[in-house]
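Notes to accompany the following structure.
All residue numbers refer to positions in the sequence shown, counting from 1. Treat the numbers as computed from the prediction; the structure is a model and nothing was measured.
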Amino acid sequence: MIEPDPSATRRVVFQYLVPVHVEVEDGLVVCVTIIDETPVRDPSLVEGDAGYLPEAVAAADDGQPWPSWRFGY
């Protein structure tokens, strides 16, 4: 197994707005669906080297279809 060199690791965390569908029953949130097919727009850096942000966004937004993520029942 090849071990990556920790000094070469480039970790970048960013955030951006995506559509979210929230289901509420009797005043309680019962399900949240994140529709993760939206192109990355206006990302903001959360953690890491800002110089790598354009490369990270390009890797995250490479045109592949992503599923929606669902939490709840």
Checklist line | Co-members of the apolar cluster containing Val46 [side chain, <4.5 Å] | finding: Val13
Check: Do other residues, nucleotides or ligands put more than 12 heavy atoms under 6.0 Å from Leu17 CG?
Finding: no
Next item on the list: Would you kindly confirm whether Val24 and Val32 end up in one hydrophobic cluster when ILVMFWY residues are joined by side chain heavy atoms under 4.5 Å apart?
Entry: yes
Next item on the list: Write out all pairs satisfying side chain to side chain donor-acceptor pair (under 3.5 Å) with one or both partners inside residues 49-59, taking only residues at least two apart or from two chains.
Entry: Arg10-Glu55
Notebook entry, point to check: In Å and rounded to the nearest 0.5 Å, what is the SG to NE2 distance from Cys31 to His21?
Noted result: 7.0 Å
Next item on the list: Search all heavy atoms of Phe14 against all heavy atoms of Pro43 and return the closest pair with its distance.
Entry: CD1-CB, 3.7 Å
